[in-house]
Colleague: 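Below is one structure. I have some questions about it.
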Amino acid sequence: MTERIRTRFLVIGSGVAGLHTAWRASAHGSVTVLTKRTLFDSATAYAQGGIAAALGAGDSPDLHREDTLAAGAALCDREAVQVLVEEGPARVRELQAAGARFDLDPDGDFKLGREAAHSRHRIVHARGDQTGAEVARALVAKVRESAAIDVRETARVLDLLLVDEGDGVQVAGVRASLSGRAVEIVADATVLATGGCGQIFRYTTNPQVATGDGFAMAHRAGARLADMEFVQFHPTALDTPENPLALVSEAVRGEGAILLNARGQRFMPARHRLAELAPRDVVAREIFREQQAHGRVFLDATKLGAGFAARFPGIFALCRARGIDPSSEPIPVTPAAHYMMGGVVTDLAGRSSLPRLYAVGEVARTGVHGANRLASNSLLEGLVFAERVARDLNQTPEDLPVPAPDPWDVPPLADRGAAQVAADEIRQLMWDHASISRTAAGLRRCLAALQRVGDRLPPGATEERNLHTTALLVTEAALLRKESRGGHFRSDFPRTRRKWQGRHITW
């Protein structure tokens, strides 16, 4: 018989959204947390920039809302944005009260930074550029101290468990591999907090666990997805031969660093009125163009001198470990896949289109990001909507019709080498044809090649199958949207088109 675990709530993922949901939901019942590696393996732990919230003098939720809507390029859900900016300050203060050690000024107030496309200083930091790691540390501590939370690390979720009692399909948990054992986790409510899909691209800042599992599983189960064409490429990842690439935070440009091409020329002032502080999609695209025209691009922060190490200790250590001294020489940078704006469509309580299935964090499409996420709104979204999910979970009835036992085995991976080759091919195809600059011809070539790769995937390549499914969703959506908007740029349709304003591509 297949092993079964019964829990009130199931949370898949251990980033800010998953950890916060688990912690707050544990007040209402038992919670099982599944994570692919360890509790600390998530994009949250990599986040440098901080958390955006209207906490400073002269700032307000209204100003934060307007900045968010402007970045979102007329595709944000205004009601969702209002929730984000109004509830955000309280969530940050609660996290501080829960033990997160944020950077404070001598008066004990938050020391606020500024990032691209923000009209005010409103970015909360921890240890300069290690905000995500501090957020993860604080939330992991809360999760570990709760007797109601059962954490299962190195858990590979294979698919959502569905049940149909005549009233339509409901999600009843998941099928998973726990240390190679076939296990069904049956839950009254299941929360996808699986993060993003940066690993579908050759160059990314996302951890290796970000293979698009949540998007693929939700799609196979029939949940509604939207806006999958809107992938944000961070302009300044450290240009080294690694996977993932180390991030050079937007905050470095916020402190005055400038971009130089291979000839030593500054190019952003001629491209956008905000220069290096233009929206991310603009900066990423201009760096990409300079790379194609002249070669490598560099971020020059030498004006900070010795102060660089004090303001950005994590980035300084990353650079020094690679033989670069940011205080005295420019940093080589490149755009890299960083964040998915689309995903599983949810309402303001995090509920998906499938009963008993929630989505929160990067895997969710709440509508707050539109076509282009405003810097440092991601950790904020995780906190705000995780709190809403946790509160709503308690309303989930306990009359779940448990599916009949159906014995199954974890499929063994038939050929690990073939699976790795397929994954690498998917990443290169997506970078070449579906990344920063897209065309119909390139996207069609990409789709045809992806189909061939899919046909060659060996049995048991479950993670690679998710990678493939998510890559197809992104490419198909990018082909359908015949305009440029936010993170989606079509060089054959380089302008934003009014007919596409407010329109979403959904599955």
Colleague: Please find the pair of heavy atoms, one from R8 and one from S30, that lie closest to each other, and give the distance.
Modeller: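 For R8 and S30, the tightest heavy-atom pair comes out as N-OG, 3.0 Å.
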Colleague: Under the ring-ring contact (aromatic ring centres under 6.0 Å, His included) rule, what pairs show up with a residue in residues 348-397, not counting sequence neighbours?
Modeller: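 Residue pairs with at least one partner in residues 348-397: Y339-H369.
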Colleague: Are side-chain heavy atoms of E184 and I5 found at a separation under 4.5 Å?
Modeller: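 No; the side chains remain at least 4.5 Å from each other.
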Colleague: Between L75 and R503, does a side-chain contact (heavy atoms from CB on, under 4.5 Å) hold up when you go through it step by step?
Modeller: CA-CA 8 Å; L75 271 188; R503 291 176 60 186; 5.8 Å; no
Colleague: Determine whether V191 and F9 make a side-chain contact, defined as any pair of heavy atoms from C-beta on separated by less than 4.5 Å.
Modeller: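 No, their side chains stay 4.5 Å or more apart.
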Colleague: Assess whether a salt bridge exists between E255 and R311, defined as any Lys/Arg side-chain N lying under 4.0 Å from an Asp/Glu carboxylate O.
Modeller: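 Result for this pair is yes, salt bridge flagged.
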Colleague: With a 4.5 Å heavy-atom cut-off, do K111 and H125 have their side chains touching?
Modeller: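 Heavy-atom side-chain distance check fails, nothing below 4.5 Å.
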Colleague: Checking side-chain polar atoms at under 3.5 Å, does E381 have a donor or acceptor matched by the opposite partner on T366?
Modeller: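 A pair is found: one side chain offers a donor N or O, the other an acceptor, under 3.5 Å apart.
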Colleague: When you measure from the side chain of R137 to the backbone N and O of G99, does any donor-acceptor pair fall under 3.5 Å?
Modeller: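 Here the side-chain-to-backbone pair exists.
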Colleague: Classify the angle between the aromatic ring planes of H234 and H338 as parallel (below 30°), tilted (30 to 60°) or perpendicular (above 60°).
Modeller: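 Perpendicular.
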Colleague: Is it the case that the side chains of R224 and S352 hold a donor-acceptor pair, with the cut-off being a distance below 3.5 Å and no angle test?
Modeller: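 No pair is found: no donor N or O on one side chain lies under 3.5 Å from an acceptor on the other.
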Colleague: Test of understanding: with side-chain hydrogen bond (donor to acceptor under 3.5 Å, both in side chains), list the residues that count as partners of R144, not counting sequence neighbours.
Modeller: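 Testing R144 for side-chain hydrogen bond (donor to acceptor under 3.5 Å, both in side chains), a comparison that skips the adjacent residues, returns none.
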Colleague: Using 0.5 Å steps for rounding, measure from the OG1 atom of T506 to the CE atom of M228.
Modeller: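 Separation between the atoms: 12.5 Å.
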Colleague: Verify whether one side chain among H118 and R122 offers a donor that lies under 3.5 Å from an acceptor in the other.
Modeller: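 R122 and H118 do have a side-chain donor-acceptor pair below 3.5 Å.
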Colleague: Please tell me if the side chains of L259 and I287 come closer than 4.5 Å, counting only heavy atoms from C-beta onward.
Modeller: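 Side chain of L259 against side chain of I287, heavy atoms only: contact under 4.5 Å found.
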Colleague: Can you name the residues that form a salt bridge (Lys or Arg N to Asp or Glu O under 4.0 Å) with D109, not counting sequence neighbours?
Modeller: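 Not a single residue meets the salt bridge (Lys or Arg N to Asp or Glu O under 4.0 Å) criterion with D109.
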Colleague: Counting C-beta onward and ignoring hydrogens, is there a side-chain heavy-atom pair between L95 and L383 closer than 4.5 Å?
Modeller: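 In contact.
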Colleague: Any salt bridge linking D103 with R127? Criterion: basic side-chain nitrogen under 4.0 Å from a carboxylate oxygen.
Modeller: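 Salt bridge flag = no for R127 with D103.
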Colleague: Show the numbers, then the answer: is there a salt bridge (Lys or Arg N to Asp or Glu O under 4.0 Å) between E463 and R465?
Modeller: CA-CA 5 Å; E463 187 174 71; R465 182 73 62 185; over 6 Å; no
Colleague: Got a sec, which residues hit side-chain hydrogen bond (donor to acceptor under 3.5 Å, both in side chains) with T470, two or more places apart in sequence or on another chain?
Modeller: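 Expected list: none.
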Colleague: Return the CG to OG1 distance between L34 and T194, rounded to the nearest 0.5 Å.
Modeller: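 Between L34 CG and T194 OG1, I get 11.5 Å after rounding to 0.5 Å.
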Colleague: With sequence neighbours excluded, tell me which residues meet side-chain hydrogen bond (donor to acceptor under 3.5 Å, both in side chains) with E94.
Modeller: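 side-chain hydrogen bond (donor to acceptor under 3.5 Å, both in side chains) list for E94, sorted by chain: R91.
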Colleague: Using atom types as modelled and distance alone, determine if a side-chain donor or acceptor of E362 lies under 3.5 Å from a backbone N or O of M340.
Modeller: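 Side chain of E362 to backbone of M340: a pair is present.
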Colleague: Could you report the tightest heavy-atom contact between R490 and A440, atom names first, then the distance?
Modeller: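 Shortest heavy-atom contact: NH2-CB, 3.4 Å.
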Colleague: Show your reasoning for whether side-chain hydrogen bond (donor to acceptor under 3.5 Å, both in side chains) applies to T68 and N377.
Modeller: CA-CA 8 Å; T68 300; N377 268 357; 3.1 Å; yes
Colleague: Could you walk me through whether L380 and L84 pass the side-chain contact (heavy atoms from CB on, under 4.5 Å) test, one step at a time?
Modeller: CA-CA 7 Å; L380 185 71; L84 180 80; 3.7 Å; yes
Colleague: Short question: side chain of T439, backbone of G442 - any donor-acceptor pair under 3.5 Å?
Modeller: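 Flag set: sc T439 to bb G442 pair under 3.5 Å.
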Colleague: Scan side-chain atoms only and decide if S14 and D41 contain a donor-acceptor pair under the 3.5 Å cut-off.
Modeller: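 No donor-acceptor contact under 3.5 Å links the two side chains.
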Colleague: Heavy-atom count around R78 CZ within 6.0 Å, excluding the residue itself: above 12?
Modeller: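 Open: at most 12 neighbouring heavy atoms sit under 6.0 Å from CZ of R78.
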Colleague: Does the pair M217 and V344 meet the rule for a side-chain contact (heavy atoms from CB on, under 4.5 Å), with working shown?
Modeller: CA-CA 10 Å; M217 287 190 293; V344 180; over 6 Å; no
Colleague: Tell me the closest heavy-atom pair linking A98 and K142, and the distance in Å.
Modeller: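 Here A98 and K142 meet closest at O-CD, 3.7 Å.
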Colleague: Give me the atom names and distance for the closest heavy-atom approach of V360 to G382.
Modeller: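 The pair with the smallest heavy-atom distance is CG2-O, 4.4 Å.
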Colleague: Mind checking whether L277 and M268 have side chains closer than 4.5 Å, heavy atoms only?
Modeller: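 SC-SC contact between L277 and M268 ruled out.
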Colleague: List for me each residue that meets salt bridge (Lys or Arg N to Asp or Glu O under 4.0 Å) alongside E276, sequence neighbours excluded, and say none if there are none.
Modeller: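 With sequence neighbours excluded, E276 shows a salt bridge (Lys or Arg N to Asp or Glu O under 4.0 Å) to R266, given in chain and number order.
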Colleague: Could you check K36, Q199, E464 and say which one makes a side-chain hydrogen bond (donor to acceptor under 3.5 Å, both in side chains) with T211?
Modeller: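 Checked K36, Q199, E464 against T211; only one passes side-chain hydrogen bond (donor to acceptor under 3.5 Å, both in side chains): K36.
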Colleague: Side chains of N243 and Y203: closer than 4.5 Å at any heavy-atom pair?
Modeller: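 Sidechains of Y203 and N243: no contact.
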Colleague: Using distance alone, with no hydrogens and no angle criterion, decide if D281 and Q232 have a side-chain donor and acceptor under 3.5 Å apart.
Modeller: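 No, Q232 and D281 have no side-chain donor paired with an acceptor closer than 3.5 Å.
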Colleague: Could you work out, with salt bridge (Lys or Arg N to Asp or Glu O under 4.0 Å) as the rule, every residue matching E476, not counting sequence neighbours?
Modeller: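 None.
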Colleague: What residues form a ring-ring contact (aromatic ring centres under 6.0 Å, His included) with F201, not counting sequence neighbours?
Modeller: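 So F201 forms a ring-ring contact (aromatic ring centres under 6.0 Å, His included) with F233.
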Colleague: Return the minimal non-hydrogen interatomic distance between C76 and V368, and the atom names on each side.
Modeller: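 For C76 and V368, the tightest heavy-atom pair comes out as SG-O, 3.5 Å.
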Colleague: Under the side-chain hydrogen bond (donor to acceptor under 3.5 Å, both in side chains) test, which residues partner N466, sequence neighbours left out?
Modeller: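 N466: side-chain hydrogen bond (donor to acceptor under 3.5 Å, both in side chains) contacts with D213, R220.
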Colleague: Looking only at heavy atoms, which two atoms of L400 and A187 are closest? And how far apart?
Modeller: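 Minimum heavy-atom separation between L400 and A187: CD2-O, 3.1 Å.
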Colleague: If you round to the nearest 0.5 Å, how far is CG of D392 from CG of L348?
Modeller: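 Nearest 0.5 Å value for the CG-CG distance: 10.5 Å.
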Colleague: Would you please name every residue forming a salt bridge (Lys or Arg N to Asp or Glu O under 4.0 Å) with R388, sequence neighbours left out?
Modeller: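 With sequence neighbours excluded, R388 shows a salt bridge (Lys or Arg N to Asp or Glu O under 4.0 Å) to E87, given in chain and number order.
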Colleague: I'd like to know if E387 pairs up with R24 as an ion pair, taking the criterion as any Lys NZ or Arg NE/NH1/NH2 lying under 4.0 Å from an Asp or Glu carboxylate oxygen.
Modeller: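 Salt bridge: yes.
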Colleague: Please determine whether side-chain contact (heavy atoms from CB on, under 4.5 Å) holds for the pair I123 and I51, giving the CA-CA distance in whole Å, both sets of side-chain angles, and the decisive distance to 0.1 Å.
Modeller: CA-CA 5 Å; I123 314 301; I51 309 174; over 6 Å; no
Colleague: Holding to side-chain contact (heavy atoms from CB on, under 4.5 Å), I want the full list of residues that pass it with D399, two or more places apart in sequence or in another chain.
Modeller: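 D399: side-chain contact (heavy atoms from CB on, under 4.5 Å) contacts with R356, P397.
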Colleague: Counting only heavy atoms not in D105 (residues, nucleotides, ligands), do more than 12 fall under 6.0 Å from its CG?
Modeller: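 Yes, the 6.0 Å shell around CG holds more than 12 heavy atoms from other groups.
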Colleague: Would you confirm whether D227, through its side chain, and F230, through its main-chain N or O, come within 3.5 Å as a donor-acceptor pair?
Modeller: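 Side chain of D227 to backbone of F230, a donor-acceptor pair under 3.5 Å: no, none is there.
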Colleague: So, Q82 and E86: side-chain donor and acceptor under 3.5 Å apart, yes or no?
Modeller: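 Q82 vs E86: donor-acceptor pair found between side chains.
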Colleague: Any side-chain heavy atom of T44 sitting closer than 4.5 Å to one from L379?
Modeller: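 Answer yes - side chains close enough.
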Colleague: State whether the side chain of N372 and the backbone N or O of G486 hold a donor-acceptor pair below 3.5 Å, judged by distance alone.
Modeller: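 Answer holds: no.
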Colleague: Applying ring-ring contact (aromatic ring centres under 6.0 Å, His included) as the test, list every pair that has at least one member in residues 478-504; sequence neighbours left out.
Modeller: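 Counting only pairs at least two positions apart or across chains, no ring-ring contact (aromatic ring centres under 6.0 Å, His included) contact touches residues 478-504.
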Colleague: Any sub-3.5 Å donor-acceptor pair from E483's side-chain atoms to R497's backbone N or O?
Modeller: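 Yes, the answer is positive, given that a donor and an acceptor are paired below the 3.5 Å cut-off.
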